[in-house]
Amino acid sequence: MTSEASPDLIVDEGGPAAPAPAAAPSAGALVVVLVGTFITVLDFFIANVAVPAIRTDLQATAAQAQLIVVGYGVAFTAGLITGGRLGDMYGRRKMFFIGMTLFMLASAACAFAPTINALVVARIAQGASAALMVPQVLGIIGTVYTGAARDRAFNTYGLIIGLAGVFGQFIGGALISVDVAGLSWRTIFLINVPLCLVSLAFVKRTIPESRGTGGTRLDLTGALLVTGSLALVVFALLEGQERDWPVWVWGCLAGAAVLVTVTVRHLRRRAAANAGPLIEPALFRVRLFTVGLAATVVYFLAMGSFFFVLALYLQQGMGLSPLESGLVFLAVGAGYFGASLVSARFAGKLSARTVACGPLTLAVGYTAIGFTANGLGPDGSVLWLLPMLLVAGLGMGLTTGPLTNLVLGAAVPEHAGSASGLLNTAQEGGAAIGVAIAGSVFFPALAHAGRSADAYPDAFAITLVPLVALGLAAAALVLFAPGRAARG
């Protein structure tokens with residue numbers, strides 16, 4: 001899930017962006033790019049609430065069910081930086097248009113997928129299309145709008161991100177419950193088609209073309225290495241839980257570590273040759289950026305996976321409908337937006353150590369949810385969970401925006417474009433891998449207890465233990481960072 005970035009950090013790695021047109025920009029450009037942002041973030045989270053229905057309809061295994069979410073997230077993550085480079089080279093409007101077109105076609109393929117394997121393939125294509133579209137949004141906003149208009153545009157961008165991420169479960173639950181034409185879960189993907197068609201009709205009318213200058217080049221080898229590393233980690237985590245962790249699974253994890261090492265050396269060589277590495281190694285010379293980026297990965301491991309297991313617990317363990325499950329998620333949304341408003345108001349006064357209160361609050365919320373769920377059993381009222389979910393939402397709202405600005409504020413200006421892409425990659429990758437980690441705890445715990453409804457509260461509570469640990473680890477990393485003010 002991408003987050004709001006500071007407007008002054010929108011620069012091109014290869015050189016200055018093309019100048020904005022002299023005429024005053026219309027609101028149409030912002031509406032079009034925000035529709036693209038909304039649907040791509042929404043589609044990561046909206047699938048969580050549909051997983052139980054998809055498993056039943058398409059007879060999916062636990063690993064296949066996770067791939068519905070993880071496959072999208074990994075493809076999205078792996079392509080973000082490369083997508084941004086392509087926009088710099090060939091034009092942001094052009095790449096946004098192509099990305100949205102492909103996203104629309106992939107969404108239709110998801111909606112009409114006849115088998116679980118076809119759905120997983122379509123979801124991966126959907127994620128790759130999102131990776132081509134989303135990196136263009138910040139560059140387009142930074143080019144089209146200036147001054148106060150640009151500030152308002154970025155504030156709106158951040159609001160849309162929160163709406164899509166936090167309320168995705170409610171929107172998905174409502175669509176499934178309405179059950180238009182008996183399509184059930186398929187409507188959560190099909191709704192993207194008319195939204196994309198309308199937006200595509202206005203792309204060329206409202207968005208001027210812009211691109212980076214100065215010979216930006218595509219690091220295809222770096223892109224393949226990053227994709228391979230992510231894919232190996234996710235594959236090993238998913239297959240490990242299905243096959244009781246055979247030796248070859250650990251070999252995959254070791255292979256991923258080797259690929260990371262190879263990736264680092266490749267990036268350093270390209271940087272030394274001034275050949276435009278996919279990720280700029282100089283960024284990691286700044287301690288605040290490095291530690292903050294690590295905290296971001298750990299935090300999103302804990303945050304993204306929580307929505308996945310909560311949806312399974314509420315629907316299959318507590319017997320809630322998709323709509324009822326989505327309504328429960330509104331408690332998280334209320335906490336998120338309340339805390340976001342507070343953190344935005346005091347953004348300029350937040351230090352790195354103050355930001356650590358966010359993941360600490362998240363860990364407290366998860367702990368309370370785990371104890372409460374365990375005490376409720378399968379027959380208790382989920383209303384008892386609402387105050388704890390509100391606390392967890394507060395932790396998310398206190399962390400997401402401030403931590404993002406803390407990391408981007410530490411980036412050297414000439415590498416700010418690479419920093420933004422790397423941060424988005426850390427967020428999306430953390431969320432996707434977090435789902436795989438949570439599933440590797442949740443589904444074995446459920447199987448051990450017999451997969452009955454009575455087993456879900458215990459499995460859910462057990463899964464929250466590593467998520468609490470991740471929240472505490474994120475707080476510790478932020479505390480370890482230098483005490484520099486977080487930028488608003």
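Residue numbers start at 1 and run along the sequence shown. A quick note: this is a predicted structure, and the numbers were derived from the prediction, not measured.
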Handout entry: Thr290 side chain to Phe284 backbone, donor-acceptor under 3.5 Å
Key = yes
Practice task
Apply side chain to side chain contact (heavy atoms under 4.5 Å, CB included) to the pair Ile433 and Ile437, showing each step before the final yes or no.
Solution key: CA-CA 6 Å; Ile433 294 174; Ile437 292 174; 4.0 Å; yes
Handout entry: Which atom of Val309 lies closest to which atom of Ala438, heavy atoms considered
Key = CG1-CB, 3.9 Å
Exercise for the section: Could you give me the CA-CA distance, side-chain angles and deciding distance for Arg186 and Asp57, then say whether side chain to side chain contact (heavy atoms under 4.5 Å, CB included) is met? Expected result: CA-CA 11 Å; Arg186 298 178 187 274; Asp57 188 26; 3.8 Å; yes
Exercise for the section: Check whether any side-chain heavy atom of Leu323 sits under 4.5 Å from a side-chain heavy atom of Ile176, and report yes or no. Expected result: no
Exercise for the section: Please work out which of the three classes, parallel, tilted or perpendicular, describes the rings of Phe443 and Phe308, given edges at 30° and 60°. Expected result: perpendicular
Completion exercise
Distance col, row Ile98:CD1 vs Leu132:CG, nearest 0.5 angstrom, shows 6.5 Å
Problem - Over all atoms of both residues, closest heavy-atom pair of Thr296 and Ala426 - result: CG2-CB, 4.4 Å
Handout entry: Side-chain touch Leu312/Phe460, heavy atoms, less than 4.5 angstrom
Key = no
Exercise for the section: Go through Thr263 and Ser229 one step at a time and tell me if the side chain to side chain contact (heavy atoms under 4.5 Å, CB included) criterion holds. Expected result: CA-CA 9 Å; Thr263 303; Ser229 302; 4.1 Å; yes
Handout entry: Distance-only side-chain donor-acceptor flag, Tyr299 / Thr400, under 3.5 Å
Key = yes
Practice task
Report the distance from atom CG of Leu34 to atom CD1 of Ile39, rounding to the nearest 0.5 Å.
Solution key: 11.5 Å
Handout entry: Leu175 and Trp185, any side-chain heavy atoms less than 4.5 Å apart
Key = no
Problem - Donor-acceptor contact below 3.5 Å, side chain Gln316 vs main chain Tyr313 - result: no
Handout entry: 4.5 Å side-chain heavy-atom contact, Phe97 and Ile207
Key = no
Practice task
State the OG-CZ distance between Ser325 and Phe170, to the nearest 0.5 angstrom.
Solution key: 11.5 Å
Practice task
Could you tell me whether the side chain of Gln64 and the main chain of Thr61 form a donor-acceptor pair under 3.5 Å?
Solution key: yes
Practice task
Can you measure from CG (Leu386) to CZ (Phe329) and round to the nearest 0.5 angstrom?
Solution key: 12.0 Å
Practice task
Can you measure from CG (Leu403) to CG (Leu477) and round to the nearest 0.5 angstrom?
Solution key: 10.0 Å
Handout entry: Side-chain donor/acceptor of Thr206 to backbone N/O of Phe202, under 3.5 Å
Key = yes
Practice task
Could you tell me whether the side chain of Leu119 reaches within less than 4.5 Å of the side chain of Ile68, counting heavy atoms only?
Solution key: yes
Exercise for the section: Taking atom CD1 of Ile191 as the centre, report whether more than 12 heavy atoms of other residues, nucleotides or ligands fall under 6.0 Å from it. Expected result: no
Problem - Ala131 to Gly79 - nearest heavy-atom pair and separation - result: CB-C, 3.5 Å
Exercise for the section: Kindly indicate whether the side chain of Leu389, heavy atoms from C-beta on, has any atom under 4.5 Å from the side chain of Leu310. Expected result: yes
Practice task
Grab the two heavy atoms, one from Val69 and one from Ala47, that are nearest each other, plus how far apart they are.
Solution key: CG2-CB, 4.2 Å
Handout entry: For the student: nearest non-hydrogen atoms of Leu467 and Ala302, plus distance
Key = O-CB, 3.7 Å
Practice task
Would you please test Leu200 and Met104 for side chain to side chain contact (heavy atoms under 4.5 Å, CB included) and show each step?
Solution key: CA-CA 10 Å; Leu200 287 169; Met104 178 182 67; 4.3 Å; yes
Practice task
Please answer whether the main-chain N or O of Leu190 pairs with a side-chain N or O of Thr187 as donor and acceptor at a distance below 3.5 Å.
Solution key: no
Exercise for the section: Check the angle between the aromatic planes of Tyr366 and Phe306 and answer parallel, tilted or perpendicular using the 30° and 60° thresholds. Expected result: parallel
Exercise for the section: Please say whether more than 12 non-hydrogen atoms of neighbouring residues, nucleotides or ligands are located less than 6.0 Å from CZ in Phe38. Expected result: yes
Practice task
Report yes if the side chains of Glu324 and Ser321 come closer than 4.5 Å at any heavy-atom pair, otherwise no.
Solution key: yes
Problem - Nearest heavy atoms of Met100 and Ser199, plus distance in Å - result: SD-CB, 3.5 Å
Exercise for the section: To the nearest 0.5 Å, tell me how far Arg123 CZ sits from Gln126 CD. Expected result: 5.0 Å
Handout entry: Residue that, paired with Tyr72, satisfies side chain to side chain contact (heavy atoms under 4.5 Å, CB included) out of Thr40, Ile124, Leu67
Key = Thr40
Practice task
Could you tell me whether a side-chain N or O of Glu209 sits under 3.5 Å from a main-chain N or O of Arg93, the two making a donor and an acceptor?
Solution key: yes
